[in-house]
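Numbered from 1 within each chain, the chains take letters A, B, ... in sequence-line order.
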Protein chains: 2
Amino acid sequence: MNPTPRKPSRKDAADNRERILSAARAALTESTGASLTAIARSAGVGIGTLYRHFPTREALIMELYRHHLQELIDLAPALLEEHPPLEALTLWCAQVARYGQLKAGVAQVVHAATNGGRDDEHYEPFVSAIDTLVRAGAADGSLKAGLDPEDVLLQLSVLWRIPAGETGEARAARILDLIIDGLRTPGA
Amino acid sequence: MNPTPRKPSRKDAADNRERILSAARAALTESTGASLTAIARSAGVGIGTLYRHFPTREALIMELYRHHLQELIDLAPALLEEHPPLEALTLWCAQVARYGQLKAGVAQVVHAATNGGRDDEHYEPFVSAIDTLVRAGAADGSLKAGLDPEDVLLQLSVLWRIPAGETGEARAARILDLIIDGLRTPGA
DNA sequence: TGGCGAAACGGAGGCCCCTCCGGTATGTTC
DNA sequence: GAACATACCGGAGGGGCCTCCGTTTCGCCA
């Protein structure tokens, strides 16, 4: 839809944006702790410049992982075409959990995106994706009717907070089962 | 058990501790944003002193609301004596949610306590309380057997993150229902 | 090509968290 | 009562986040 969002018109700005992203990718890969000051320095721009391009740390990380998020969002309708709704939801959530376990950065940013709220441009597509899934499930009777996709997302956001590690994956799977059981039509 | 935990032996230390707590209570009531520097100043102690007594911001807030937390923990067995397990769990969780809605400070600190992890002295009692509830539910068949109380706590922690407001309470109730449905024995 | 206004730059500065350590008060022991 | 070991005090300082605003650069238009 909007592959290169809001690319600056001026060349210097576009350049700096690219260099900041580059430096950030290098600095944040596998350690979300790098300081923005350091990233700015390593990108050869002032801290003010970094902040103009990415008003918050989240915004920066978000940009780095934008396409990961988009993949997740696109996955929902794709799964629905090949699976019954309940299964599609389950698979989708599992994938969501996997992303969380995979990259600490993704987890952090998605958690922010999903918990952050209305104003975040990444929040809405996520909610839509879930809405698609739960509506299909409601229509086919496998999920409760009238589920609020935001509620579901909020519940899922817990999956991002599971400490990655040995047992993290198993724990995510357990919790995911609990969540989905709660969404299913009782007694069906 | 331990009503005044680790009170310093020296009088000056005890005094300072009290004054810090006082200042913190005043500063943090209804706005968790006050800076520790400001609290220290207003308590008439150096920032170093504040940090010795409360090694982290959480620790300070935690101390302020310690008895609220204790109330919650004590509530679990009390409810179990007067209600069947499933109902006790539901009531307990509702109370947990209410605390979260009530005071931003409580929510924040409990979220930290419940998400923080193993090393936090407040984490374990919470898990125990939940364990009591879910074991009772498993014994009586109303809840799934073998639930991990930490998993349940993690799920509940979402309730603290619901933005307080007009619809917050309703939303918490909705989500709580979903969570509990997920914990119940299927088809019972 | 030259000029101009808008947009971008970038660092100083304000505020914060937390640590470290030299100086100080305390209670304890002789 | 004096000396001592200790626990405590408290602020300077290092690092971070983010904002503000004077300065610089770009791209368009005459």
Side-chain angles (χ1 to χ4, degrees), chain A residues 4-24 26-28 31-64 104-105 108-109 111-113 115-117 119-120, chain B residues 4-24 26-28 31-64 104-105 108-109 111-113 115-117 119-120:
Chain A
T4 50
R6 220 142 320 125
K7 179 171 284 190
S9 49
R10 270 173 60 164
K11 191 162 62 65
D12 55 348
D15 269 12
N16 277 337
R17 189 175 203 284
E18 247 7 87
R19 268 189 306 161
I20 291 170
L21 279 175
S22 239
L28 293 177
S31 81
T32 54
S35 85
L36 296 191
T37 313
I39 291 175
R41 198 166 36 228
S42 120
V45 305
I47 184 66
T49 301
L50 187 152
Y51 270 95
R52 169 141 4 67
H53 285 288
F54 306 99
T56 151
R57 179 191 200 79
E58 295 305 343
L60 176 56
I61 305 189
M62 189 74 84
E63 188 58 37
L64 286 183
Q108 180 179 326
V109 72
H111 189 260
N115 252 300
D119 55 340
D120 194 307
Chain B
T4 50
R6 219 141 321 124
K7 179 170 283 188
S9 50
R10 272 174 56 168
K11 191 162 62 64
D12 54 349
D15 269 12
N16 277 337
R17 188 174 204 283
E18 247 6 88
R19 269 191 304 161
I20 291 171
L21 278 174
S22 239
L28 293 177
S31 81
T32 54
S35 86
L36 297 191
T37 313
I39 291 175
R41 199 164 36 228
S42 122
V45 304
I47 184 65
T49 301
L50 188 152
Y51 271 94
R52 171 186 345 285
H53 286 290
F54 306 99
T56 150
R57 178 190 201 82
E58 294 305 343
L60 176 56
I61 305 188
M62 187 75 82
E63 188 58 36
L64 285 182
Q108 180 179 325
V109 72
H111 189 260
N115 251 300
D119 55 339
D120 193 308

Nearest-angstrom distance from the residue atom [atom1] of [X] to [atom2] of [N]:
X	N	atom1	atom2	value
A:Asn16	D:dT25	CG	P	13 Å
A:Phe54	D:dT19	CZ	C1'	18 Å
A:Asp15	D:dT25	CG	P	15 Å

Please tell me which of B:Gly48 and A:Gly46 maps to the more 5' nucleotide of DNA chain C, matching each residue to the nucleotide holding its nearest heavy atom.
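Nearest-nucleotide comparison on DNA chain C picks A:Gly46.
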
Are side-chain heavy atoms of B:Leu60 and B:Leu21 found at a separation under 4.5 Å?
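Side chain of B:Leu60 against side chain of B:Leu21, heavy atoms only: contact under 4.5 Å found.
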
Working to the nearest 0.5 angstrom, can you tell me the gap between [X] [atom1] and [Y] [atom2]?
X	Y	atom1	atom2	result
B:Arg52	B:Ile20	CZ	CD1	9.5 Å
B:Arg17	B:Leu50	CZ	CG	11.0 Å
B:Leu36	B:Ile61	CG	CD1	8.0 Å

Run through DNA chain C and report every stem of 3 or more consecutive Watson-Crick or G-U pairs, distances under 3.5 Å, ordered by first number.
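Output for stems: C:1-30 with D:1-30.
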
Tell me, please, the opening and closing nucleotides of DNA chain C, 5' to 3', among those with an atom under 4.0 angstrom from a non-hydrogen atom of chain A.
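So the outermost contacting nucleotides come out as C:dA6 to C:dA12.
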
Can you give me the N/O atom pairs linking the protein to nucleotides 13-17 of chain D at distances under 3.5 Å, or say none if there are none?
{"from": "D:dC17", "atom 1": "OP1", "to": "A:Arg57", "atom 2": "NH1", "distance (Å)": "3.0"}
{"from": "D:dC17", "atom 1": "OP2", "to": "A:Leu36", "atom 2": "N", "distance (Å)": "3.1"}

Please enumerate all residues that pass side-chain contact (heavy atoms from CB on, under 4.5 Å) together with B:Ala26, with sequence neighbours excluded.
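Listed in chain order: nothing, the list is empty.
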
Please give me the minimum heavy-atom distance between A:Ser42 and A:Ala23, naming the atom from each residue.
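Closest approach of A:Ser42 to A:Ala23, heavy atoms only: OG-CB, 3.3 Å.
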
Could you report the tightest heavy-atom contact between A:Ala59 and A:Pro55, atom names first, then the distance?
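Residues A:Ala59 and A:Pro55, closest heavy atoms: CB-CD, 4.0 Å.
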
Going by the rule salt bridge (charged side-chain N to carboxylate O under 4.0 Å, His left out), which residues pair with A:Asp12 if we only count those two or more places apart in sequence or in a different chain?
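Result, salt bridge (charged side-chain N to carboxylate O under 4.0 Å, His left out) vs A:Asp12: A:Arg10.
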
Check against side chain to side chain contact (heavy atoms under 4.5 Å, CB included), A:Arg57 and A:Ile39:
CA-CA 11 Å; A:Arg57 179 191 200 79; A:Ile39 291 175; 5.9 Å; no

Nucleotide N/O of nucleotides 27-30 of chain D paired with protein N/O under 3.5 Å:
{"from": "D:dG27", "atom 1": "OP1", "to": "A:Lys11", "atom 2": "N", "distance (Å)": "2.7"}

